[in-house]
There are 2 protein chains.
Amino acid sequence: MCILSLLSTREMYGYEISKELDALSGGILRIEEGTLYPLLRRLEERGYLKGEWRYREGKARRYYKITPRGMDVLRKMRAFWAVLITVVNNILYGGESGGRE
Amino acid sequence: MCILSLLSTREMYGYEISKELDALSGGILRIEEGTLYPLLRRLEERGYLKGEWRYREGKARRYYKITPRGMDVLRKMRAFWAVLITVVNNILYGGESGGRE
DNA sequence: CTATATACATAGTATCACTAGGTATCTTGT
DNA sequence: ACAAGATACCTAGTGATACTATGTATATAG
């Protein structure tokens with residue numbers, strides 16, 4: 001979900017995504033390369049992303065762009081994430097009152 | 001985390017936990033028995049829970065109770081969960097909430 | 001010219017959720 | 001009495017996937 005969200009704002013390549021996630025999350029969402037690259041391929045296989053090789057600064061980079069199908073999945077993931085937070089916080093902190101956070 | 005949290009308020013047995021999670025979450029946190037029972041044993045192996053057979057209403061039930069070590073782990077999980085929400089929401093909705101930048 | 005950072009990749013392992021069964025008891029409807 | 005369903009626990013097998021460790025190649029800094 002976080003990767004799709006990052007790519008919903010601009011195209012990025014794998015290594016850039018890992019550095020960005022790391023920086024934006026203060027190290028909480030550090031993702032190993034052995035996890036990231038296979039994941040990006042899975043997301044592309046499923047049609048959520050479209051990858052494209054480009055050569056910049058003497059380096060071969062695979063830039064990823066989110067697809068309309070990916071945007072749709074991202075919307076559903078965001079909605080589910082919001083529900084999950086509510087539900088889990090309800091279990092963690094009891095009260096049915098909607099006014100926390 | 002949700003199971004530890006439920007057990008931090010009272011002792012429960014496996015089947016009861018699954019029904020409670022299902023009800024409290026509106027079906028979002030439905031957990032299959034093939035997932036639940038092995039999970040409870042792992043949590044007990046790690047010393048987070050203590051299980052005990054009891055016979056009530058003609059049924060053999062294994063009641064689980066959270067241990068001090070389990071309470072400690074639960075506290076850390078709750079803290080991490082709060083950080084995770086902040087960090088993920090920051091990535092999902094842009095960086096306004098955390099006071100960073 | 002060596003070390004580090006960048007950039008992508010794969011193989012092997014471990015974890016764990018799920019499917020799909022199994023056993024046994026108790027309750028409810030006919 | 002009998003069948004069906006709910007309760008209550010269990011295991012074996014499979015699949016998805018995060019991780020470790022390593023390999024390849026180029027560019028940059030000391």
Side-chain angles (χ1 to χ4, degrees), chain A residues 1-4 6-7 10-25 27-65 70 73 77 80-81 84 87-88 91, chain B residues 1-4 6-7 10-25 27-65 70 73 77 80-81 84 87-88 91:
Chain A
M1 176 175 68
C2 289
I3 288 173
L4 290 179
L6 283 183
L7 293 174
R10 70 173 195 280
E11 295 182 21
M12 297 175 77
Y13 54 96
Y15 194 78
E16 187 185 10
I17 291 171
S18 77
K19 295 298 169 191
E20 190 78 355
L21 271 181
D22 192 359
L24 284 175
S25 69
I28 297 294
L29 299 182
R30 182 165 291 133
I31 185 171
E32 304 299 324
E33 291 173 277
T35 305
L36 177 64
Y37 293 115
L39 171 56
L40 288 170
R41 276 200 303 277
R42 283 200 302 278
L43 293 174
E44 185 169 11
E45 274 167 32
R46 291 173 194 178
Y48 305 164
L49 301 181
K50 185 79 189 68
E52 188 189 326
W53 284 104
R54 285 186 207 151
Y55 301 85
R56 298 246 178 103
E57 303 157 33
K59 277 138 166 204
R61 293 170 177 165
R62 190 163 179 84
Y63 280 82
Y64 289 93
K65 188 182 164 68
V73 167
M77 282 175 165
F80 180 75
W81 171 245
L84 186 67
V87 155
V88 170
I91 287 168
Chain B
M1 176 174 70
C2 289
I3 288 173
L4 290 179
L6 283 182
L7 293 175
R10 70 175 196 276
E11 295 182 21
M12 298 175 76
Y13 55 95
Y15 195 79
E16 186 185 10
I17 291 171
S18 78
K19 295 298 168 195
E20 189 79 355
L21 271 181
D22 192 0
L24 284 176
S25 69
I28 297 291
L29 299 183
R30 181 164 293 133
I31 186 171
E32 304 300 324
E33 292 173 276
T35 304
L36 178 64
Y37 294 114
L39 171 56
L40 288 171
R41 277 199 303 276
R42 283 200 303 278
L43 294 175
E44 186 170 11
E45 272 167 33
R46 291 173 195 177
Y48 305 163
L49 301 181
K50 185 77 190 71
E52 189 190 324
W53 285 103
R54 287 188 206 148
Y55 300 85
R56 299 248 178 101
E57 301 157 36
K59 266 103 167 241
R61 294 169 176 167
R62 191 164 177 82
Y63 280 82
Y64 288 94
K65 185 182 166 65
V73 167
M77 283 176 163
F80 180 76
W81 171 245
L84 187 68
V87 155
V88 170
I91 286 168

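- For the pair B:R56 and B:Y13, the cation-pi test (distance below 6.0 Å, angle within 45°) is failed.
- Side chains of A:I28 and A:L21 form no contact here, defined as non-hydrogen atoms less than 4.5 Å apart.
- The CG atom of B:L40 sits 7.5 Å away from atom CG of B:L7, with the distance rounded to the nearest 0.5 Å.
- For D:dA16, neither phosphate oxygen OP1 nor OP2 lies less than 4.0 angstrom from any side-chain nitrogen or oxygen of A:R42.
- Across the protein-nucleic acid pair, B:E16 atom CD and D:dC9 atom C1' stand 14 Å apart, rounded to whole Å.
- Looking at the side chain of B:T35, the nearest of the listed nucleotides C:dA17, C:dC16, C:dT10 is C:dA17.
- If you measure from atom CG of A:L40 to atom C1' of D:dT17, you get 14 Å, rounded to the nearest angstrom.
- No side-chain heavy atom of B:R62 sits less than 4.5 Å from a side-chain heavy atom of B:E52.
- Taking atom CD on B:E57 and atom C1' on C:dA24, their separation rounds to 16 Å, with Å as the unit.
- Rounding to whole angstrom units, CZ of residue A:R30 and C1' of D:dT20 are separated by 16 Å.
- Between A:Y15 and the phosphate of C:dT6, there is a side-chain N or O to OP1/OP2 separation shorter than 4.0 Å.
- At a cut-off of 3.5 angstrom, the base of C:dC8 holds at least one donor-acceptor pair with the side chain of A:E33.
- Of all nucleotides listed (C:dC8, D:dA18, D:dT7), C:dC8 comes nearest to the side chain of A:W53.
- In this structure, A:R41 reaches the C:dT10 phosphate: one of its side-chain N or O atoms is under 4.0 Å from OP1 or OP2.
- Under the salt bridge (charged side-chain N to carboxylate O under 4.0 Å, His left out) test applied with B:E57, the options B:K59, B:R61, B:R54 reduce to a single match, B:R61.
- Nucleotides of DNA chain C nearest to A:P38 and A:A60 differ in position, and the one nearer the 5' end is that of A:A60.
- Within the 4.0 Å cut-off from OP1 or OP2 of C:dA9, not a single side-chain nitrogen or oxygen of A:R62 is found.
- One interatomic measurement links the two molecules: CZ of B:R54 to C1' of C:dT25, which rounds to 20 Å at whole-angstrom precision.
- Residue contacts for A:G58: at a heavy-atom cut-off of 4.0 Å it reaches the sugar-phosphate backbone alone, with no base atom in range.
- Distance, B:I31 CD1 to D:dC10 P: 14 Å, rounded to whole Å.
- One finds no side-chain N or O of A:Y37 lying less than 4.0 angstrom from the OP1 or OP2 phosphate oxygen of C:dA9.
- Taking atom CD1 of A:I17 as the reference point, atom P of C:dA9 lies 12 Å away to the nearest angstrom.
- In this structure, of D:dT11, C:dT6, C:dC26, it is C:dC26 that holds the atom nearest to the side chain of B:K59.
- Not one side-chain nitrogen or oxygen of B:R61 sits closer than 4.0 Å to the OP1 or OP2 atom of D:dT7.
- The interatomic distance linking B:M12 (CE) with D:dA8 (C1') rounds to 14 Å, in whole Å.
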